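Since the structure comes first, as structure tokens, the remarks are kept for the end.
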Amino acid sequence: MSGTTMRAVVLRGWDDLAVEEVPRPEPGPGEVLLRVGACGICGTDLKMVSGGFEKRGWPPSLPFVMGHEWAGEVVELGPGLEGIDLAPGDRVAAENHAGCGVCPNCKAGRYNLCYQAGQPGHRLYGHTAQGALAEYAVRPARLLYRLPPEVSDEAGALVNQGALTVHAVRRTGLDPGSTVAVFGPGLLGLMTAQVARASGASRVIVVGRGVRLELARELGAETVDYEQGDPVEAIRELTGGRGVDRVYECAGSPEVVVQAIGATRRGGRVALLGLSGGKTVALSPDALTIDEIDLMGIRSSPNAYPAMIALIASGAVRTEPLLTHVYPLEQIGEAFGAFARREAIRPILKP
Ligand SMILES: [Zn+2]
Ligand SMILES: [Zn+2]
């Protein structure tokens with residue numbers, strides 16, 4: 001297959017995206033060539049396009065092919081994969097964190113925190129290595145998870161963000177019967193609300209505004225509109241003054257972190273899933289110490305893809321209300337526009 005090309009969305013310079021013919025990647029040892037079925041774009045992509053992560057080395061150089069939330073079909077197995085449980089035609093979702101496999105964190109299964117990040121041997125596909133906004137992509141076989149027929153390619157493109165919320169729910173040790181608040185009803189928040197419910201939360205309260213908050217209500221959550229008053233007070237009122245057991249910050253806003261802590265009961269836990277782009281906020285350590293509140297960061301989705309795929313396949317997590325904007329690859333500009341204007345929860349490109 002050498003010498004063949006494919007169409008890809010290429011970031012040529014800051015705020016300069018174009019669909020171009022580029023060389024089709026070839027699978028090396030342990031790698032798989034995949035046909036991309038559906039690929040979403042997220043807030044990180046939006047910031048990457050305008051150079052917001054240049055200092056982090058995302059992307060490491062230009063031109064670059066982004067795209068890290070996707071699903072596709074196996075086309076060809078590279079050398080060394082004879083006999084593995086994957087074959088051409090299998091549909092899969094692809095994880096984007098490939099840890100070095102050697103450092104203590106990788107060995108402990110925490111490959112999202114690989115010590116080799118930024119070094120050769122560690123790859124973050126779509127950020128430091130070529131992404132999937134293209135007709136084809138190559139990935140190590142160990143990053144692939146088979147999709148059952150109940151999970152479409154479009155739904156498969158939501159597994160990346162969904163798996164992050166599985167990791168958050170696990171890390172916060174959500175007990176059956178717990179009360180939960182979710183700040184920010186974007187894809188992350190709407191997935192968190194559903195995964196928390198599926199994991200045994202008795203009440204899920206979503207804080208936000210507008211049509212996204214409406215969507216949270218349609219998906220079964222109680223809602224608090226922060227434009228109608230102080231959301232912390234509203235949550236305390238809804239919980240008899242106590243606050244909730246677990247809070248998930250999915251807005252990526254430093255001010256919301258303060259609210260999230262304020263909405264947590266004594267002895268509760270707060271998980272931060274959103275990135276705030278380097279912004280800071282003043283926190284009172286006493287607010288954590290006196291009430292023994294655990295504040296934890298959540299990064300990526302180690303070992304969480306199979307659980308998320310099962311939750312979607314079973315119907316415990318619904319994806320069809322979130323898949324409102326689907327485009328051919330050529331309409332990448334329209335897709336980014338619909339996301340930037342907050343019209344689409346998750347624009348999906350189909351190469
Ligand atoms: Zn993303
Ligand atoms: Zn590592």
Side-chain angles (χ1 to χ4, degrees), residues 9 11 17 30 36 38-50 52-53 56 58-59 64-72 93-134 137 139-140 142-143 154-168 184 186-192 195 249-252 272-277 297-305 308 319 322-323 325 332 335-336 338-340 342 344-349:
V9 175
L11 181 63
L17 283 171
V36 179
C39 182
I41 52 177
C42 75
T44 304
D45 294 315
L46 207 60
K47 282 185 201 142
M48 271 174 71
V49 167
S50 51
F53 288 118
R56 280 197 147 270
W58 300 352
F64 188 73
V65 176
M66 302 185 309
H68 59 274
E69 303 185 1
W70 68 286
E95 203 169 356
N96 57 332
H97 257 277
C100 72
V102 178
C103 77
N105 272 350
C106 280
K107 285 191 166 166
R110 303 186 75 178
Y111 51 90
N112 56 323
L113 306 176
C114 176
Y115 284 118
Q116 291 298 108
Q119 303 295 320
H122 171 277
R123 284 179 174 191
L124 190 52
Y125 288 93
H127 298 75
T128 67
Q130 181 159 310
L133 277 170
R139 292 291 180 273
R142 65 192 159 98
L143 298 189
E154 290 86 340
L158 303 184
V159 169
N160 172 283
Q161 290 283 281
L164 171 63
T165 76
V166 167
H167 180 46
L187 179 63
L188 211 46
L190 295 170
M191 284 294 202
T192 302
V195 170
E249 200 287 320
C250 300
L272 310 184
L273 290 79
L275 283 178
S276 21
I298 309 295
R299 171 90 193 267
S300 194
S301 49
N303 313 301
Y305 267 52
M308 192 62 224
T319 54
L322 311 172
L323 292 166
H325 292 64
I332 184 69
F336 267 102
F339 187 63
R342 297 171 55 90
I345 296 282
R346 193 51 109 236
I348 302 285
L349 281 300

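Fair warning: this is a prediction, and the values are worked out from it, not measured in the lab. All ligand and atom numbering here is 1-based and tracks the order in the structure. All residue numbers in this chain count up from 1 along the given sequence.
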> At the Zn ion (ligand 2), what's the angle from C100 SG to C114 SG, rounded to 10 degrees?
Replying inline: 100°

> Short question: side chain of N112, backbone of P302 - any donor-acceptor pair under 3.5 Å?
Replying inline: no

> Within less than 2.8 Å of the Zn ion (ligand 1), any N, O or S from E69?
Replying inline: yes

> Between NZ of K47 and CZ of F53, what distance do you get to the nearest 0.5 Å?
Replying inline: 4.5 Å

> With a cut-off of 2.8 Å, does any N, O or S atom of C103 fall short of it relative to the Zn ion (ligand 2)?
Replying inline: yes

>> Just to confirm my numbers, could you give the angle made at the Zn ion (ligand 1) by SG of C42 and NE2 of H68, rounded to 10°?
In response: 100°

> Would you say H68 and C42 make side-chain contact, with heavy atoms under 4.5 Å?
Replying inline: yes

> Taking C-beta and beyond as the side chain, do N105 and Y111 meet within less than 4.5 Å on heavy atoms?
Replying inline: no

